[in-house]
Amino acid sequence: MSAPKVTFTLKAELAWGDAITPEIRALAECADARSAKDAAKTIGMSPATVSHLLAGHTENHDLDGIYARIRGALLGETVSCPAWGDIRRDECLTQQAMPFSPTSSARAECYRACRSGCPHSRLKGA
């Protein structure tokens with residue numbers, strides 16, 4: 001008799017126990033459906049970060065930021081961007097990290113909005 005297949009969901013359930021969050025469960029299910037590498041790409045993180053999270057190793061990780069990315073990319077959470085209207089939460093975080101671009105009026109407007117009191121901005125001192 002062969003051993004049962006260890007899925008990413010099972011790995012996460014064993015590591016997190018009752019404390020497993022909807023975000024970690026969604027990430028594990030995405031990794032099961034595709035691959036850990038594809039799950040990482042989907043949320044804009046490294047495969048190592050995904051592996052650490054599924055194994056319950058959260059030290060040295062910005063869980064709030066990672067969970068926000070997961071909620072946007074995998075759970076469909078959106079925010080109302082002052083510059084672009086409703087966008088996925090993970091896209092909001094990606095746009096915040098983009099440098100100023102004078103060649104695109106939309107990017108310039110988004111850059112300014114992220115730094116001028118947007119309630120969704122995670123930028124320090126914005």
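The structure presented is a predicted model; accordingly, all values stated were derived computationally and were not measured.
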Requested in this report: Consider only side-chain heavy atoms of I, L, V, M, F, W and Y, link residues closer than 4.5 Å, and tell whether L63 and L93 are in one cluster.
Outcome: no

Query raised in the report: Do I20 and Y67 belong to the same hydrophobic cluster, where Ile, Leu, Val, Met, Phe, Trp and Tyr are linked whenever their side-chain heavy atoms lie under 4.5 Å apart, directly or via other members?
Result: yes

Can you give me the closest heavy-atom contact between [X] and [Y], atom names plus distance?
| X | Y | result |
| --- | --- | --- |
| I70 | A26 | CG2-CB, 4.4 Å |
| A108 | F100 | CB-CE1, 3.7 Å |
| L54 | A15 | O-CB, 3.6 Å |
| C118 | A113 | CB-O, 3.3 Å |

Output the distance between atom [atom1] ([X]) and atom [atom2] ([Y]), rounded to the nearest 0.5 Å.
| X | Y | atom1 | atom2 | value |
| --- | --- | --- | --- | --- |
| K11 | D32 | NZ | CG | 11.0 Å |
| E23 | D64 | CD | CG | 10.0 Å |
| C110 | E91 | SG | CD | 8.5 Å |
| C92 | R69 | SG | CZ | 9.5 Å |
| K41 | R34 | NZ | CZ | 10.5 Å |

[X] vs [Y] side-chain heavy atoms within contact, under 4.5 Å:
| X | Y | result |
| --- | --- | --- |
| E13 | T9 | yes |
| C114 | L123 | yes |
| S105 | E109 | no |

Is the side chain of [X] donor-acceptor paired with the backbone N or O of [Y] at a distance under 3.5 Å, no angle test?
| X | Y | result |
| --- | --- | --- |
| T49 | M45 | no |
| D90 | I43 | no |
| R88 | L74 | no |
| R115 | Q96 | yes |
| W16 | L53 | yes |

Query - R122/D62 under side chain to side chain contact (heavy atoms under 4.5 Å, CB included): CA gap, chis, key distance, verdict - result: CA-CA 11 Å; R122 292 179 42 91; D62 171 20; 2.4 Å; yes

Report task. Go through the steps to decide whether L27 and F8 satisfy the test side chain to side chain contact (heavy atoms under 4.5 Å, CB included), and finish with yes or no. Result -> CA-CA 9 Å; L27 182 60; F8 290 106; over 6 Å; no

Requested in this report: Indicate whether the side chain of R107 and that of Q95 have a donor and an acceptor atom separated by less than 3.5 Å.
Outcome: yes

Query raised in the report: Tell me, which pairs form a side chain to side chain donor-acceptor pair (under 3.5 Å) where one or both residues lie in residues 74-83, sequence neighbours left out?
Result: R71-E77

Report task. Go through R89 and H120 one step at a time and tell me if the side chain to side chain contact (heavy atoms under 4.5 Å, CB included) criterion holds. Result -> CA-CA 9 Å; R89 182 64 174 128; H120 309 294; 3.8 Å; yes

**Report entry** Criterion side chain to side chain donor-acceptor pair (under 3.5 Å) on S104 and S101, from CA distance to verdict
**Finding:** CA-CA 6 Å; S104 166; S101 175; 5.4 Å; no

Query raised in the report: Does the side chain to side chain contact (heavy atoms under 4.5 Å, CB included) test come out yes or no for V79 and D86, once each step is laid out?
Result: CA-CA 5 Å; V79 296; D86 288 343; over 6 Å; no

Query raised in the report: Mind checking what makes salt bridge (Lys or Arg N to Asp or Glu O under 4.0 Å) contact with D38, not counting sequence neighbours?
Result: none

Report task. Count the heavy atoms of every other residue, nucleotide or ligand shown that sit under 6.0 Å from CG of N60, and state whether that count exceeds 12. Result -> no

